[in-house]
Amino acid sequence: MKRDFIDEVTWRGMVHDLMPGTQEHLNEGPRVAYVGIDPTADSLHIGHLVGVMMLRHFQLAGHKPVALLGGATGMIGDPSGKSQERNLLDEETLRHNQNALKHQLSKFLDFKTEDENSAQLVNNYDWMKDFSFLDFIRDVGKHITVNYMMSKDSVKKRLSSESKDGMSFTEFTYQLVQGYDFLHLYRTQDCTLQMGGSDQWGNITTGTELIRRIDQGKGFALTCPLITKADGTKFGKTATGNIWLDPDKTSPYKFYQYWINTSDEDAEKFIKIFTFLTKEDIEALVRSHKEEPHLRALQSKLADEITATVHSKEALEKAKEASQVLFGKSTEEDLAKLDEATFLDVFEGVPLKELNKDLLENGLDMIAALSAETNFLKSNGEARRALKENSISVNKTKVGLDYVLTESDLINGKYVLINKGKKNTYLIKFD
RNA sequence: GGGGAGAUACUCAAGCGGCCAACGAGGACAGACUGUAAAUCUGUUGGUUUUACCUUCGCAGGUUCGAAUCCUGCUCUCCCCA
């Protein structure tokens, strides 16, 4: 029996706004829905994941999901976003990104099924590139009034005097270009639903409006809430940047760590959105977490599930092993017990710098080891500060300003493990 | 085209001739406490050969013993009027 899509995403807390009649419409039979994704990089980051999960639930309910890459719209940037000027991607880059994204999407969506509801990937660049400006304003622009466009929140905000920046004509036009995508998919794929983040509501309704006015059709809209964290910081970002799905951009270890660090407040919300666990399973987990919060069952399950899906079971195991070594009660002796292969495996993805063993002969002072020789820290001043703050440890033992690295610090005769605080790890290999 | 306001470190935002590497807030990082959570308290937050020096306050010049602060030109942004 197919699940009811709307019921499913509703209990998961993934619905922010819903056009009336959507559920009935979907229940009438298999439908087609799409989510837009900007192909500005050759990898998705976890901020994209909500939309992807929506598509997957949609597919599981027997409908056909379409992922739309905004090759055209991505060059513009909509007015509500904090996004700065976008760069025009050349076609080669665009195709490269498209392939990479498809590979990642295929971990969630089924593209190959023989069934009607195989997922599909389209790129609006393909139908926008030859659409001339004159054609566009005649065929599309004519049907929407500026008054209508100005009533959108994203536009109003930029027009109000509180806004520090003006809005370019290009940004103003964004909703029309995006709206046209919906119309195009409506015509070519019989696509009747667009989903997206709550900030997309205005753009989506411009699309349904175009469908209504030009084709006298009916399009539907569903938005999910913006994912927020309880502490107010941006979801999916760390100081060093986005959390990417690409293992070369964000190592599986770091990826795993991001999820395991989820706060209690957020964990329950996230596990509903980012895993496919059933309602019963999640409720059981929440109960056990409340009884024994220090075990962090929720965070652990969340991190396990999503790391295994995005990367692999093997990658997950390694990430957990590394976490165990780095955050468990392990000591220098434990480190020494690891053979070299395991050792390297465990620390895969940790910044590693190779240095000449000669440096150790007269001892290598910590400031040089942290900064000058390795660039782990930006400057000698920063290294000195960190040492003064008592935040540096060598092989899991705290060291001070006067510590000097010698051969006796080497693990397996080659490695030195350096930590700054609990969460930053660096590795030096002496050859 | 006319008038007005503005550009300071990651962000916001003081400073308006020396005491300014630049108040304050947020963020970030670290320490304590914990559960790799939250909250809280503490410290740090341009660089170096660190009681001193160097580079930084939109850009380029100038005045001055001395400028983020004064003058000139330029660039960019916002607002109001036409």
Between [X] ([atom1]) and [N] ([atom2]), how many Å, whole number?
X        : N      : atom1 : atom2 : answer
A:Lys320 : B:rU36 : NZ    : P     : 16 Å
A:Tyr426 : B:rA30 : OH    : C1'   : 12 Å
A:Asn424 : B:rU36 : CG    : C1'   : 12 Å
A:Lys420 : B:rU45 : NZ    : P     : 13 Å
A:Leu302 : B:rG35 : CG    : P     : 21 Å
A:Asn419 : B:rG31 : CG    : C1'   : 15 Å
A:Gln257 : B:rG35 : CD    : C1'   : 14 Å
A:Asn390 : B:rC29 : CG    : P     : 18 Å

Donor-acceptor side-chain pairing of A:Tyr403 and A:Asp409 below 3.5 angstrom: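 Per modelled atom types, A:Tyr403 and A:Asp409 side chains form a pair under 3.5 Å.
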Donor-acceptor side-chain pairing of A:Asn412 and A:Glu340 below 3.5 angstrom: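 No.
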Provide the distance between the two [atom1] atoms, one in [N] and one in [M], to the nearest whole Å.
N      : M      : atom1 : value
B:rG27 : B:rA9  : C1'   : 13 Å
B:rA67 : B:rG18 : C1'   : 9 Å
B:rG31 : B:rU36 : P     : 13 Å
B:rC80 : B:rG15 : C1'   : 29 Å
B:rC29 : B:rC79 : C1'   : 39 Å
B:rA28 : B:rA38 : P     : 10 Å
B:rA14 : B:rG58 : P     : 14 Å
B:rC57 : B:rA7  : P     : 14 Å

N/O donor-acceptor pair under 3.5 Å between A:Arg296 side chain and A:Ile260 backbone: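 Flag set: sc A:Arg296 to bb A:Ile260 pair under 3.5 Å.
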A:Ser106 side chain vs A:His103 backbone, donor-acceptor pair below 3.5 Å: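 Here the side-chain-to-backbone pair exists.
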Are [X] and [Y] close enough for a salt bridge, meaning some N to O gap below 4.0 Å?
X        : Y        : result
A:Arg95  : A:Glu91  : yes
A:Arg212 : A:Glu209 : yes
A:Asp304 : A:Lys301 : no

Nucleotides 37-42 of chain B: protein proximity per nucleotide (B base, S sugar-phosphate only, - neither; heavy atom, under 4.0 Å): BS----
Check: A:Phe276 ring centre within less than 6.0 Å of A:His57 ring centre: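 Yes.
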Are any protein N/O atoms closer than 3.5 Å to N/O atoms in nucleotides 47-49 of chain B? If there are, list each pair with its distance.
residue : atom : partner  : partner atom : Å
B:rG47  : OP1  : A:Ser379 : OG           : 3.0
B:rG47  : OP2  : A:Arg385 : NH2          : 3.4
B:rU48  : OP1  : A:Asn380 : N            : 2.8
B:rU48  : OP2  : A:Gly381 : N            : 2.9
B:rU49  : OP1  : A:Asn380 : ND2          : 3.4

Let me have the donor-acceptor pairs involving side chains of residues 280-288 of chain A, under 3.5 Å, with sequence neighbours excluded, atom names and distances please.
residue  : atom : partner  : partner atom : Å
A:Asp281 : OD2  : A:Thr278 : OG1          : 3.3
A:Ser288 : OG   : A:Leu285 : O            : 3.2

Between OG on residue A:Ser408 and CG on residue A:Asn395, distance to nearest 0.5 Å: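 Rounded to the nearest 0.5 Å, the OG-CG separation comes to 9.5 Å.
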Interatomic spacing from CG in A:Asp199 to OG in A:Ser154 - rounded to 0.5 Å: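 These two atoms lie 9.0 Å from each other.
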Qualifying salt bridge (charged side-chain N to carboxylate O under 4.0 Å, His left out) pairs with a residue from residues 349-358 of chain A, counting only residues at least two apart or across chains: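 Non-adjacent pairs meeting salt bridge (charged side-chain N to carboxylate O under 4.0 Å, His left out): zero.
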Dot-bracket line, read 5' to 3' along RNA chain B, where crossing pairs take [ ] and | marks a partner on another strand, Watson-Crick or G-U under 3.5 Å: ((((((((.[[[..)..(.....]]]((((((.......))))))(((...)))...[[[[[..)....]]]]]))))))).
Residues touching RNA chain B, which here means a heavy atom under 4.0 Å, drawn from residues 288-295 of chain A: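 Residues of residues 288-295 of chain A that come under 4.0 Å of RNA chain B are, in numerical order, A:Pro293, A:His294.
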Touch class at under 4.0 angstrom, heavy-atom based, for A:Lys388 against every strand present: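 The answer is nothing, as A:Lys388 stays clear of every strand by at least 4.0 Å.
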Sugar-phosphate, base or nothing in reach of A:Lys229, heavy atoms under 4.0 Å: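 Counting heavy atoms under 4.0 Å across all strands, no contact is made by A:Lys229.
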Check: A:Glu389 side chain, B:rG31 base, donor-acceptor under 3.5 Å: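 When only heavy-atom distances are counted, A:Glu389 does not reach the base of B:rG31 through any donor-acceptor pair under 3.5 Å.
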Exceeds 12 heavy-atom contacts within 6.0 angstrom, atom NZ of A:Lys313: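 Atom NZ in A:Lys313 is not crowded, with 12 or fewer foreign heavy atoms closer than 6.0 Å.
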Atom of A:His143, atom of A:Asp139 and distance for their closest heavy-atom approach: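 Closest approach of A:His143 to A:Asp139: CD2-O, 3.0 Å.
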Plane angle bin for A:Phe270 and A:Phe274 - parallel if under 30°, tilted between 30 and 60°, otherwise perpendicular: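 Answer is perpendicular, since the angle exceeds 60°.
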